[in-house]
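We name chains A, B, ... by the order of the sequence lines, and we start the count at 1 in each one. Since this is a predicted model, take the numbers as computed values, not measurements. Values reported hereafter were calculated over all heavy atoms of this structure, with side chains retained and with hydrogens, waters and symmetry mates removed.
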Amino acid sequence: MRKSLKEIAEIIDGELIGDSGIVITGVSGIKEAREGDITFIANPKYKNLIDSTQASAIIISAEEQIKADIPLIQTENPSLAFVKVLEIFSREKVNRVAIGIHASAVIGKNVQLSKDLTIQAYAVIEDNVRMGDRVVIYPGVYIGKGVQIGNDTVIYPQVSIRQEVIIGNRVIIHNGTVIGSDGFGYETLNGIHHKIPQLGTVVIEDDVEIGASVTIDRARFDKTLIGRGAKIDNLVQIAHNVVIGPNSIIIAQTGISGSVTVGKNVILAGQVGVAGHISIGDNTIAAAQSGISKDLPPDSRVMGSPARPFGLTKRIQAVIKRLPELFKKILDLDKKIENLEKKIGKTKDYR
Amino acid sequence: MRKSLKEIAEIIDGELIGDSGIVITGVSGIKEAREGDITFIANPKYKNLIDSTQASAIIISAEEQIKADIPLIQTENPSLAFVKVLEIFSREKVNRVAIGIHASAVIGKNVQLSKDLTIQAYAVIEDNVRMGDRVVIYPGVYIGKGVQIGNDTVIYPQVSIRQEVIIGNRVIIHNGTVIGSDGFGYETLNGIHHKIPQLGTVVIEDDVEIGASVTIDRARFDKTLIGRGAKIDNLVQIAHNVVIGPNSIIIAQTGISGSVTVGKNVILAGQVGVAGHISIGDNTIAAAQSGISKDLPPDSRVMGSPARPFGLTKRIQAVIKRLPELFKKILDLDKKIENLEKKIGKTKDYR
Amino acid sequence: MRKSLKEIAEIIDGELIGDSGIVITGVSGIKEAREGDITFIANPKYKNLIDSTQASAIIISAEEQIKADIPLIQTENPSLAFVKVLEIFSREKVNRVAIGIHASAVIGKNVQLSKDLTIQAYAVIEDNVRMGDRVVIYPGVYIGKGVQIGNDTVIYPQVSIRQEVIIGNRVIIHNGTVIGSDGFGYETLNGIHHKIPQLGTVVIEDDVEIGASVTIDRARFDKTLIGRGAKIDNLVQIAHNVVIGPNSIIIAQTGISGSVTVGKNVILAGQVGVAGHISIGDNTIAAAQSGISKDLPPDSRVMGSPARPFGLTKRIQAVIKRLPELFKKILDLDKKIENLEKKIGKTKDYR
């Protein structure tokens with residue numbers, strides 16, 4: 001892929017300062033950039049890297065007053081502009097998948113195959129599946145009975161989607177992820193665990209991205225729901241009947257127990273655990289390895305296990321670090337008091 | 001699926017109070033139920049939901065004296081009765097898999113294929129595998145050489161079972177799970193890690209259910225053992241030579257290190273970690289995110305990392321929450337003592 | 001497989017004491033060994049097991065002065081010798097895979113297939129892949145466009161390797177692992193998360209072993225790197241742009257955030273979490289469930305979350321266990337001081 005700086009400036013609606021004929025062949029961070037790459041500066045503190053970068057052009061804020069030997073494109077929002085450029089240069093890679101249905105794909109009865117569909121080798125599509133336009137199904141994917149998939153959704157190799165799951169538009173699901181496995185529910189009688197059939201499903205709304213080897217269980221009844229625009233990292237566990245609100249971010253190896261409701265714009269950092277049947281308010285941020293076992297109001301900031309507010313946890317940790325020393329201090333105080341008591345006892349004698 | 005209330009009352013051996021001709025088309029929790037659903041009340045505290053439920057019938061204890069506008073089936077054990085009803089209504093879904101061997105399944109030499117077997121598309125069954133009756137193998141499953149599978153076992157898509165693993169009757173294994181990968185063992189000499197071949201296997205006993213994307217390593221020698229009736233949730237790691245006792249429950253993302261012995265009826269909640277070569281006694285419960293590094297006697301109740309008894313941990317956490325305040329208190333006491341010492345010193349002068 | 005003790009003694013360059021004609025049919029630990037097995041003693045403290053083992057021969061240090069009824073092979077390094085013997089006896093199992101390309105394997109254009117290659121059923125090899133000699137690809141493996149694989153590498157069933165990943169010689173990758181999924185990166189503007197295309201790759205150097213259901217994300221730019229001889233256990237998450245140094249060991253369910261650099265010979269025990277953009281020095285050991293959020297110098301020994309030095313953490317934990325008691329102590333001291341102050345006040349009156 002090759003684009004002239006002039007073309008790029010037009011795409012991102014920016015003002016080009018420098019040679020418009022320069023050809024850009026890649027995109028990169030300012031430190032890693034090589035000749036032919038375009039890069040960007042969103043944060044003024046990186047301006048000092050302008051002179052040393054090997055990039056062939058830089059996207060930078062229109063507010064910056066800069067003289068540089070290197071061509072610049074000035075634009076209102078360099079981050080957003082850079083995302084656009086990245087998408088153009090990466091589109092080529094995604095588009096290299098050939099449209100069409102591989103001869104080896106097994107397609108069940110009554111499957112709705114829309115236009116410009118890609119189904120690759122050894123994919124298995126069960127009966128009554130409905131596929132949107134331009135869906136890409138990579139090799140070895142399993143799509144269970146009655147699954148619905150929206151437009152422009154990409155499903156990478158070896159993903160398993162069980163029966164009746166509903167997936168929206170522009171969803172991306174990475175390799176090895178399992179959606180719609182049975183929720184973990186038993187009725188225990190006399191020590192024997194009787195399986196409670198999990199009769200609900202999973203709904204994945206538009207613009208969700210799900211990482212590799214994620215597991216999302218179907219609901220006991222009704223549905224497990226991943227809200228619009230939510231992003232889920234690798235190896236996350238989402239149990240039955242969980243609701244993840246729109247645009248929330250669930251980072252790797254987090255586990256969310258059954259019937260939890262996560263609000264919108266929430267961030268759960270890596271390896272967080274959430275106990276069952278609780279509610280996490282909108283815009284909450286939980287630090288990595290938090291253990292959340294109680295409802296959290298909106299805008300909470302928690303860390304630690306058990307999870308407590310950021311500030312409190314930091315103050316607690318500052319004391320914990322000094323506990324061995326405090327312990328000695330307490331023993332010391334104890335001794336001093338004992339001595340004082342002895343003395344006071346003596347003074348008492350004088351009375 | 002449609003069943004009259006009369007039919008259901010007979011199946012669960014209950015006494016029907018109300019219109020026996022009502023047709024039930026589904027099952028549901030009392031809150032989620034809709035018209036046509038049957039539901040249940042096992043715990044008297046939910047009796048107040050009877051008037052508001054949308055269900056068409058309720059299974060309830062024979063001991064309850066209740067007048068309701070809605071038909072009731074009274075039975076000795078409503079939970080067990082409900083499990084039976086759930087199983088009837090879910091059986092239809094499971095049974096929709098067509099019996100037979102798909103033309104694309106690769107079947108090795110000397111494979112024992114029993115009756116009413118289902119092997120779906122692109123499954124690979126290596127040489128010398130023995131399959132029980134009514135086994136269901138979903139698409140893309142890999143079954144290694146010499147594996148034995150009991151009757152009525154269901155293996156969901158993309159499960160990998162390595163050579164010589166033994167699986168019992170009525171076992172359920174969810175998508176993407178790996179059984180029999182090599183244990184993680186090296187002999188380190190001069191900084192280089194030499195792989196220790198893992199020559200043992202894995203044995204899964206009857207009535208075990210294993211979630212999605214679980215990993216169970218084969219033993220170095222001998223076997224890794226999952227005892228009868230144990231239930232394992234998604235993304236659990238079970239290392240080489242682990243023994244899980246009968247009817248134990250291992251919740252999502254728990255990791256059990258090599259050569260650990262877990263007793264029977266143990267519950268390890270989510271994200272628990274267990275260090276190598278230790279023993280966890282029968283009926284132990286470990287709360288989520290516990291870190292267990294020492295043997296636990298039977299009936300232990302532990303939480304925290306490092307894991308400590310429930311009561312102690314709760315008392316500790318109550319103090320930890322107040323540590324910043326206690327820290328100030330200690331400084332304050334220190335100052336007071338200093339002042340007292342000064343004063344006592346002065347009184348000393350008077351002597 | 002059958003080897004005489006004489007043959008084994010020659011292979012490991014050891015001195016045989018006992019009947020050289022004895023036939024060895026297996027290898028085992030000293031406790032688990034059965035007739036026909038050879039075993040070893042590396043640590044003198046296990047010498048007391050010599051009399052009770054059922055093994056047919058023991059490999060033991062040349063330094064030991066031992067009289068036993070059982071044949072011994074004495075050698076300078078019994079562990080290394082045992083590894084050699086294990087490898088001989090396990091080779092047979094690995095070699096049972098038939099060399100050749102299964103008719104159902106889908107091979108793309110311009111794929112370099114080297115000699116003595118094994119590609120099994122339903123593997124999909126995309127265009128421009130280069131395979132080394134004696135590579136073994138198990139059923140259902142997906143190899144993306146332009147991937148390079150070195151000699152003698154073994155890739156177990158249902159592994160997914162995305163485009164352009166580079167894998168060295170003698171690498172072992174267990175079932176269900178995903179290499180080269182997109183890094184988890186978004187540019188958030190007005191609450192919407194825009195995907196940052198992940199244009200880099202993953203490089204796996206020689207002699208790396210990767211467990212089951214591991215996820216290793218591709219770099220945003222440049223590469224995620226797993227250094228020579230590193231060993232990665234099951235269900236580990238390695239984010240984009242991470243560098244793992246040579247011979248490091250990453251134990252199950254550990255998660256390493258983006259752009260972390262792990263030095264050489266590091267051991268991260270199970271369920272460790274490492275925050276983004278930090279550096280862990282060579283030879284560091286982190287105990288299980290550590291949460292590392294700051295740079296660690298070489299030779300660090302840390303545990304806990306937040307991670308602190310071993311000694312400090314142990315001292316802290318010793319105090320934490322006694323916190324409820326210390327809390328009472330502090331209240332008690334407070335009371336005593338109050339009493340003292342009252343008394344001193346009284347003595348003051350006397351002045």
- Message: Quiz question: by atom type and distance under 3.5 Å, do the side chains of C/E209 and B/Y186 form a donor-acceptor pair?
- Response: yes

- Looking just at side-chain N and O atoms, do B/N110 and B/N128 make a donor-acceptor pair shorter than 3.5 Å? yes

At a heavy-atom distance under 4.5 Å, which candidate from [options] has the highest pair count against chain C?
| options | value |
| --- | --- |
| B/H193, B/Q158, B/Q198 | B/H193 |
| B/N339, B/D222, B/L189 | B/L189 |
| B/D127, B/V159, B/T188, B/T313 | B/V159 |
| B/P306, B/S213, B/G176 | B/P306 |

Region of [X] that comes under 4.5 Å of a non-hydrogen atom in chain C:
| X | answer |
| --- | --- |
| B/V272 | backbone |
| B/D182 | both |
| B/L235 | both |
| B/T177 | neither |
| B/E126 | side chain |
| B/R315 | both |
| B/L333 | both |

Above 12 or not: heavy atoms from other molecules or residues under 6.0 Å from [atom1] of [X]?
| X | atom1 | result |
| --- | --- | --- |
| C/Y46 | OH | no |
| B/K195 | NZ | yes |
| B/Q317 | CD | yes |
| C/D13 | CG | no |

- Specify which of C/S79, C/G270, C/A252 makes the most heavy-atom pairs with chain B at under 4.5 Å. C/S79

- In terms of heavy-atom pairs under 4.5 Å with chain B, which of C/G29, C/G140, C/A121 leads? C/G29

- Do C/H174 and C/Y156 have their ring centres less than 6.0 Å from each other? yes

- Here the pair of heavy atoms bringing B/F184 nearest to C/I250 is CZ-O, 4.0 Å

- Message: Using every non-hydrogen atom in the two residues, find where B/V111 and B/I125 come nearest and quote the distance to one decimal.
- Response: CG1-CG2, 4.0 Å

- Task: Name, in order of residue number, those residues of residues 320-327 of chain C that have a heavy atom at a distance of less than 4.5 Å from a heavy atom in chain B; otherwise write 'none'.
- Result: C/I320, C/K321, C/L323, C/P324, C/F327

Chain B heavy atoms under 4.5 Å from [X]: which part of the residue, side chain, backbone, both or neither?
| X | value |
| --- | --- |
| C/N265 | side chain |
| C/D37 | neither |
| C/A288 | neither |
| C/Q253 | side chain |

- Using atom types as modelled and distance alone, determine if a side-chain donor or acceptor of B/N234 lies under 3.5 Å from a backbone N or O of B/A212. yes

- Query: Who passes salt bridge (Lys or Arg N to Asp or Glu O under 4.0 Å) against C/R228, sequence neighbours left out?
  - Reply: C/D206

- Pair B/D332 + B/K336, salt bridge at N-O below 4.0 Å: yes

- Item | Residue of the set C/I119, C/V154, C/V124 for which side chain to side chain contact (heavy atoms under 4.5 Å, CB included) holds with C/I137 | C/I119

- Message: Assess the residue pair C/I226 and C/E205 against the criterion (side chain to side chain contact (heavy atoms under 4.5 Å, CB included)); give the C-alpha distance rounded to whole Å, side-chain angles, the decisive distance to 0.1 Å, and a yes or no.
- Response: CA-CA 6 Å; C/I226 312 296; C/E205 293 186 346; over 6 Å; no

